[in-house]
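Here is the structure we will look at, set down as structure tokens.
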Amino acid sequence: MLEYINIFYVIFKRDLTLTFREKTDFINSLAFFIIIVLLFPLTFGSKSELLNTIIPGIIWISALLATCLSLETIFRSDFEDGSIEQLVLNRYPLILLVSAKILAHWITFGIPIIVISLTLGVILSLSNEIMMALFITLILGTPILSLLGSVMAVLTMGLHGSMLLSILILPLSMPVLIFSTIAIQNASLGLPIVAETYFLAGILILAITLAPIAAASALRIRLS
Amino acid sequence: MSKFSINNLECVRQNNILFQGLNITIKDHGLLQINGANGSGKSSLLQICSGLIEPTAGEILWNDKNTKKYRYEFQSNILYLGHTNAIKSSLTVEENMKVMHAMAGTKSKIDYSIILEKIGIPNTNEILTCNISAGQKRRVGLTRLFISKSKLWFLDEPFNALDEQGKKIIEKIIIKHCKNGGIVFFTTHQEMEINNYPLQNIHLGNNNA
Amino acid sequence: MYKWIHQFGSPKYFYDISVRLSKWIAIVCAISFIGGLYGGLVLAPADYQQGDSFRIIYLHVPAAWMSLFVYLVIAFSGAVSLIWHIKITDIIARASAPIGASFTFLALVTGAIWGKPMWGTYWVWDARLTSELILLFLYLGYIALQSAFSDKRIAARAGAILVLIGVINIPIIHYSVEWWSTLHQGPTISKLDKPSIHLTMLIPLLLMVLAFKTFYITTLLIRARSEILEYEYNSSWVKKYVIK
Amino acid sequence: MNIILRGLKNMSLNDFFSMGGYAVYVWSAYGISFIVLFLNIILAIRNEYKTLNEIKKRLQNNKK
């Protein structure tokens, strides 16, 4: 049992060091996220009433788009230098290795987006309930995007053009976006947001159980 | 005493038949060389045997058990090394070897510097692999042969991008592995690579089509 | 049982069947189409509320129903081809995707056209129409993924994985859109639902559903035939067949 | 049987086409549907002939 934890930790640490050594993807995705959020106050005028009703929605949409762009990096570097074959053909179950990579992707791309969106929320002066709702929905939502996105990333690995990955992942991430924006609106009206959080948690658990299996079999198919 | 056998394997790629009705059985101490022109299906045969690709027909048995059903039992005894040497360019040589060590699952502590000396690129532990030459990268990839303890090796053109001295080192390690009970499949496009060890030879040419 | 599947799964056997079958099913489709249209347009009395504009139901409901049905067929054949590596189900999934996409497009267009006389705007954010729209994106994603691969076998099995995930997501999408639309708009008394309609209105509707289903099968068989030829073009029976 | 005949009797031709004032919507919906379905079937048939001819051509020049 110990060696499984060890291999999980080794792959996880390897991916973390890789992302922090090649900072480009990491910084691009966060810069992209911030720029999109800042576009909206510029277009709608910072004091307009309309703005602070839709700011949480904007933050969520740009979080979704930023994760879309960063999904490609999970398997691209492994696919290019061939270490994907070592992952598939080794003694440890592929599901374990793939979930290590997905967790590494969530840590390196999901958590910074959550931190930055909260700071943006503070800058754009959102009330505390909205901030809490935004935090909860992001904490539950971004892992779903990473999990579903990793399967799509495997399917579109090595194909030209990363548009295909976004076309595949966006329709599937609609429920996450819908439940999060409803939760935020309820929070702004002071209503309880328990129902949407349960939904998001339900989808998250479904994604955690199914996505690594799907990603593992997709990897085997993609390489054959 | 383990046995690796292939029964009437067939592979059709883009509607031309690479090979058909291939039967091979290899026991311990076996060494098999697969040679043929480029694109004659050498790598496909290797990838099919290692389970990466599915053949259009036929099956692969390890100790008479179908490798697809007993996938992880088979996979814990093999080492596959493709054309690309599967190392991360932004990690240092030692970090790459640490990952290989964990992937190979060997419990014993391994001193990486000794292996690097054996393979001919001493004290390059701390250098980032992007700053070393292609030949040295190939050798870092080949350090897997020292680290892994699997019995069955599938090596795809282990000798290319290697100078004379490198070829000798790899030849020595392959023969040593075969001597103490290992099985090695390797592909090459030159004629005879290893000549001081009894080896089976499969020639894949377009005459099979 | 397993032998039957394999025997049915062989492309040559499927090809012969499809040549004979598609003629008969085409006839059934034509008859039910004419019967449904005649019944719907002529026989059925005008709806007391919407007048004659409700006749679009005879196109909208079968198309919407078929769009989901075809997606389930693709998911089922994808699952079968993943588990048992049968070539025919790959071809069925690949051939039925464009048909399913055009059904969804039809459902959306007829739904929008129907919305104009009833709600005054072409596009109304009704729960069903929005989940149809997302289903259309799922189809486009599947077709785009299929055409992105050069090797047909990998394309089919990658598409199967995508569709299986899509199928698991469809109830989630449908429910979240339902939740979303009841929140924003309040429960629209949408006429898109199958109203408890009078018998003379119901029969044409069933005929139209039969017509759409048989249309799907005929087009699927024809499209599958050309896919089979492409798959097997260097095998002996294709050469014999082509020269004949 | 009489239902079918009854339909024909009381519906004169021009108010059949006017569809109780909603002619534009009903007929445009039916028109688009026919076009889409027709396109589907035609493309499928054309595709089949195209592949058949392609294979014929390929066999010819293989034989040469």
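Below, chains carry the letters A, B, ... as their sequence lines are ordered, and counting in each starts from 1. This structure is a prediction, so every number in the text was calculated from the model and none was measured.
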Count the heavy atoms belonging to other residues, nucleotides or ligands that lie under 6.0 Å from [atom1] of [X], then report whether that count exceeds 12.
X: Met1(B); atom1: CE; result: yes
X: Met132(A); atom1: CE; result: no
X: Leu2(A); atom1: CG; result: no
X: Lys172(B); atom1: NZ; result: no

task: Would you mind telling me which of Glu85(A), Lys13(A), Glu3(A) has the largest number of heavy-atom pairs within less than 4.5 Å of chain B?
output: Glu85(A)
message: Looking at every heavy atom in both Arg91(A) and Met103(B), which two are closest together, and how far apart are they?
response: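 Closest approach of Arg91(A) to Met103(B), heavy atoms only: CD-O, 3.6 Å.
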query: Which heavy atom in Ser83(A) sits nearest to a heavy atom in Ala86(B), and how many Å separate them?
result: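 Ser83(A) and Ala86(B) have their closest heavy atoms at CA-CB, 3.7 Å.
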- prompt: Gly51(B), Ser89(B), Gly82(B), Ala104(B): which one forms the most heavy-atom pairs within less than 4.5 Å of chain A?
  reply: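 Maximum pair count with chain A is reached by Ala104(B).
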query: Between Ser44(B), Ser148(B), Ser90(B), Ala102(B), which residue shows the highest count of heavy-atom pairs closer than 4.5 Å to chain A?
result: Ser90(B)
Those residues of [range], ordered by number, that approach chain B below 4.5 Å (heavy atom to heavy atom):
range: residues 112-126 of chain A; answer: none
range: residues 213-224 of chain A; answer: Arg220(A), Leu223(A), Ser224(A)
range: residues 17-30 of chain A; answer: Thr17(A), Leu18(A), Arg21(A), Glu22(A)

task: Go through the steps for Gln86(A) and Met100(B) under the test side-chain contact (heavy atoms from CB on, under 4.5 Å), then give the verdict.
output: CA-CA 9 Å; Gln86(A) 297 306 327; Met100(B) 295 177 199; over 6 Å; no
query: Quick one: side-chain hydrogen bond (donor to acceptor under 3.5 Å, both in side chains) partners of Arg14(A), sequence neighbours excluded?
result: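 Testing Arg14(A) for side-chain hydrogen bond (donor to acceptor under 3.5 Å, both in side chains), a comparison that skips the adjacent residues, returns Asp78(A).
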- request: Side chain from CB out, backbone as N, CA, C, O: work out which of these in Leu81(B) comes under 4.5 Å of a heavy atom of chain A, or both, or neither.
  value: both
field: Portion of Glu95(B) that has a non-hydrogen atom of chain A nearer than 4.5 angstrom
entry: side chain
Less than 4.5 Å apart, side chain to side chain, heavy atoms only: is that true for [X] and [Y]?
X: His101(B); Y: Val10(A); result: no
X: Ile87(B); Y: Asp81(A); result: no
X: Tyr72(B); Y: Leu94(A); result: yes

field: Exam field: side chain Gln75(B) to backbone Asn90(A), donor-acceptor pair closer than 3.5 Å
entry: yes
